[in-house]
Amino acid sequence: MVDKSKLYFHIHYCNHKETNEDWKDKKITRRIKHHEFFLVTGGKGCIVTEGKEYNLEKGMLFYFKKNNLHSIESDIKDPLNFLSVHFSLAYVDFHEDQWKIVEKDGLKLPVMQRFRNYKVYHIFKKLVMMWSMKMPDYEFRCKIMLQRLLFGIYNNLKQQSTNYSAIVKVEKAIKYMNDNIGRTITLQELSELVSLSPSYFSRTFREVTGYSIIEFFNKIKIDRAEALIMVEDKKIKEIAAMLGFKDEFYFSRLFKRIKGISPKEFYSRNVHGY
DNA sequence: CGCGGTGTGAAATTGAAGTT
DNA sequence: AACTTCAATTTCACACCGCG
């Protein structure tokens, strides 16, 4: 499971064809070093990749990972219309005051997915238009649009997945955690809330969020602690108590484990009194 | 007091097999 | 496919201790 907030993109270029002009080359076969999203917006054609052949229809979105070999063929009478964006991506993490950059070899997305709604289409179109117009700050704006596009793609995936109720249940549990941040919550309690067996819900939670329940609950507690340290003039001991920790030292250790520095150090680094 | 190492019972997680 | 049950294993949350 990828932490989407840590993904960093670099757009190489965008491409589109949304008119009825003829294709110069009816078929292209290629392997490119960029990742690419390719959205079919009209016309007919065929894409072959990873040993599968897809008869193209409006609304199909392809994700080609870098170095993926694929061929795109357009129909002559009803030429293909599409939007595409080429990009590279890296996983950028900030931990213990250090930046870490790891190049990713790909997102966990299916090669092809269909879109019923037009939202993703609109975002994609805006991205491509912005890129081609090259107005001031277009690179920055395009990067934001690409992130919105990806967000839309993930949401689409969410709705498509048969087990939508699992996500709803996880969201319910997260809300409950936020509402009861000053308490100790048990797995028993949460699983009763969502009417699933404890062990099954434990599994489900990790599948949906990428974190175990305790990991997640502590993460939001530490996030809250950061805010409290910076905004309120409170002692570590008080903050620990507010977040349901009986032992302030344990809280400190946990903070350090998650953030890399102790709460006291976090305070001295980020808050400066007069 | 603060920090860090370690011990411990309890709870969470995970694997595997079974049920609807 | 979605979910349960049970047991094995791991992790958690705190406690206790010694050091400076």
Side-chain angles (χ1 to χ4, degrees), chain A residues 1-4 6 52 93 95-98 108-114 116 153-273:
Chain A
M1 188 53 110
V2 178
D3 185 343
K4 288 156 208 143
K6 289 174 183 167
K52 271 190 184 175
D93 196 12
H95 187 67
E96 295 187 20
D97 255 9
Q98 294 280 319
K108 275 185 190 167
L109 290 173
V111 176
M112 193 281 285
Q113 56 180 309
R114 289 166 200 275
R116 280 158 292 160
I153 290 168
Y154 273 116
N155 278 340
N156 182 64
L157 221 56
K158 230 194 225 182
Q159 282 162 28
Q160 268 187 355
S161 74
T162 47
N163 197 3
Y164 185 63
S165 71
I167 293 155
V168 175
K169 283 175 178 176
V170 168
E171 282 169 357
K172 195 174 175 184
I174 291 170
K175 187 180 182 308
Y176 188 78
M177 286 181 190
N178 279 307
D179 292 344
N180 295 279
I181 203 154
R183 281 188 38 235
T184 313
I185 296 180
T186 61
L187 172 63
Q188 201 68 40
E189 206 176 330
L190 286 174
S191 46
E192 273 166 31
L193 180 80
V194 299
S195 325
L196 290 175
S197 75
S199 51
Y200 183 66
F201 186 58
S202 181
R203 250 177 272 263
T204 306
F205 195 91
R206 185 185 277 291
E207 269 164 36
V208 174
T209 66
Y211 300 99
S212 78
I213 291 172
I214 291 183
E215 264 180 303
F216 193 90
F217 195 37
N218 283 332
K219 226 168 105 78
I220 62 176
K221 277 186 177 185
I222 298 304
D223 276 356
R224 187 74 65 93
E226 275 191 334
L228 289 171
I229 289 168
M230 288 202 279
V231 177
E232 315 236 349
D233 189 24
K234 288 206 160 54
K235 288 183 178 173
I236 304 300
K237 195 176 174 178
E238 288 178 273
I239 292 168
M242 282 172 81
L243 298 172
F245 291 96
K246 284 169 190 163
D247 182 353
E248 64 197 281
F249 305 112
Y250 176 67
F251 163 73
S252 278
R253 278 186 216 201
L254 192 68
F255 192 99
K256 193 164 185 175
R257 199 164 80 213
I258 294 174
K259 290 289 161 187
I261 55 173
S262 70
K264 194 186 159 193
E265 208 179 338
F266 180 83
Y267 178 82
S268 57
R269 279 198 207 185
N270 294 288
V271 186
H272 299 284

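No hydrogens, no waters, no symmetry mates; every other heavy atom, side chains included, goes into these values. Here is the naming used below: chain letters follow the sequence lines, and residue numbers restart at 1 for every chain.
Between A/R253 and A/E248, the residue whose closest nucleotide on DNA chain B is further toward the 5' end is A/E248.
A/K221 places a side-chain N or O within 3.5 Å of a backbone atom of A/L243 that can act as its donor or acceptor partner.
A/S212 comes within 4.0 angstrom of sugar-phosphate atoms only, judged by non-hydrogen atoms across all strands, and of no base. Nucleic acid contact for A/K256: sugar-phosphate only, since backbone atoms but no base atoms lie under 4.0 Å from a heavy atom of the residue. A/S199 comes within contact range of at least one nucleobase, with a heavy-atom separation under 4.0 Å.
Using a 4.5 Å heavy-atom cutoff, the side chains of A/K169 and A/T204 are not in contact. A/M242 has its side chain within reach of A/L228: a pair of non-hydrogen atoms, C-beta onward, lies under 4.5 Å apart. Put simply, the side chain of A/Y267 does not reach to within 4.5 Å of the side chain of A/I236, judged on heavy atoms. Side-chain contact between A/F205 and A/L187 is absent, with no heavy-atom pair separated by less than 4.5 Å.
The nucleotide whose nearest atom lies closest to any side-chain atom of A/Y200 is, among C/dC12, C/dC14, C/dT4, C/dT4. Looking at the side chain of A/S202, the nearest of the listed nucleotides C/dA13, B/dT14, B/dG2 is B/dT14. If you check C/dC14, B/dT13, C/dC3 against the side chain of A/K246, the one that comes closest is C/dC14.
Here C/dA1 presents its C1' atom at 12 Å from CD of A/E207, a figure rounded to the nearest Å. Going from atom CZ of A/F205 over to atom C1' of B/dT14 covers 16 Å, rounded to whole Å. Atom NZ of A/K221 and atom P of C/dC14 are 8 Å apart (whole Å). Taking atom CG of A/L187 as the reference point, atom C1' of C/dT11 lies 13 Å away to the nearest angstrom. Atoms CD1 (A/I213) and C1' (C/dA13) sit 17 Å apart, rounded to a whole Å. Whole-Å rounding puts the A/F216 CZ to C/dT11 C1' distance at 19 Å. Atom CZ of A/F249 and atom C1' of C/dA13 are 15 Å apart (whole Å). As rounded to whole Å, 14 Å separates atom P of C/dC17 from atom CG of A/D247.
Remark: A/R203 is not in phosphate contact with B/dA12, judged by side-chain N or O atoms under 4.0 Å from OP1 or OP2. Dashed line: the shortest gap from a side-chain N or O of A/R257 to OP1 or OP2 of C/dC12 is under 4.0 Å. Side-chain nitrogen and oxygen atoms of A/Y250 include none within less than 4.0 Å of the OP1 or OP2 phosphate oxygen of C/dC14.
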